[in-house]
Colleague: 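My structure is below; once you've seen it, I'll send some questions.
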Amino acid sequence: MLIQYILVLFSFAVLLLFLRKRGTTKSAASVKLAFMLFVVFGIYAVLRPGDVTVVAGWLGVGRGTDLLLYALVVVFTFTTLNAYLRFKELELRYARLARAIALRQAEPPVPAGQGPAGAERS
């Protein structure tokens with residue numbers, strides 16, 4: 001089937017593009033654009049299911065619902081990968097922030113025998 005090749009190639013292309021261009025404004029814009037296109041495709045599929053079935057026939061998929069399911073699988077995979085990478089980035093930011101705060105609040109070490117006032121041993 002033609003759709004298998006298209007979906008596999010599309011998935012690899014999106015994965016490579018996403019991992020290489022991560023964090024840039026172009027990648028953020030392309031994610032938003034892809035999301036908008038998918039929403040438009042979903043609305044069109046709901047309003048004109050016969051057309052989706054015709055397109056599915058062109059791509060070698062039996063039914064329009066199967067084509068929509070394949071598209072959902074690709075989008076779900078992309079969304080899951082995006083959320084995972086975003087959480088990893090946030091963890092790294094929090095770790096850097098905690099390290100900076102700890103370094104800023106660090107006190108110089110007290111020499112031996114000169115402890116804080118009132119803390120002398122008897």
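Note that the numbering runs from 1 along the sequence shown for the chain.
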Colleague: Taking the side chain as every heavy atom from C-beta outward, state whether Val55 and Trp58 have any pair of such atoms under 4.5 Å apart.
Modeller: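 Side-chain contact under 4.5 Å: yes.
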
Colleague: To the nearest 0.5 Å, how far apart are CG in Leu67 and CG in Leu72?
Modeller: 9.5 Å

Colleague: Let me confirm one number: the CG-CZ distance from Asn82 to Phe87, rounded to the nearest 0.5 Å.
Modeller: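 Nearest 0.5 Å value for the CG-CZ distance: 10.0 Å.
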
Colleague: Atom OG1 of Thr79 and atom CZ of Phe76: how far apart are they, to the nearest 0.5 Å?
Modeller: 8.0 Å

Colleague: Between Leu92 and Lys88, is any pair of side-chain heavy atoms under 4.5 Å apart?
Modeller: no

Colleague: So, taking the atom named CG in Leu59 and the one named CG in Asp66, what distance separates them when rounded to the nearest 0.5 Å?
Modeller: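 Going from the CG atom of Leu59 to the CG atom of Asp66 covers 12.0 Å.
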
Colleague: Check the hydrophobic clustering (I, L, V, M, F, W, Y; side-chain heavy atoms under 4.5 Å; chains of links allowed) and say if Tyr84 and Phe78 are grouped together.
Modeller: yes

Colleague: Tell me, yes or no, whether the heavy-atom count around Phe35 atom CZ, taken from other residues, nucleotides or ligands under 6.0 Å, exceeds 12.
Modeller: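 Atom CZ in Phe35 is not packed in, count stays at 12 or less.
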
Colleague: How long is the gap from CG on Leu69 to CZ on Arg63, to the nearest 0.5 Å?
Modeller: 9.0 Å

Colleague: Roughly how far, to the nearest 0.5 Å, is the CD1 atom of Ile43 from the CZ atom of Phe38?
Modeller: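 These two atoms lie 11.0 Å from each other.
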
Colleague: Are Val52 and Ile6 linked, directly or through other ILVMFWY residues, by side chains that come within less than 4.5 angstrom of each other?
Modeller: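 Per the 4.5 Å side-chain linkage, Val52 and Ile6 are co-clustered.
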
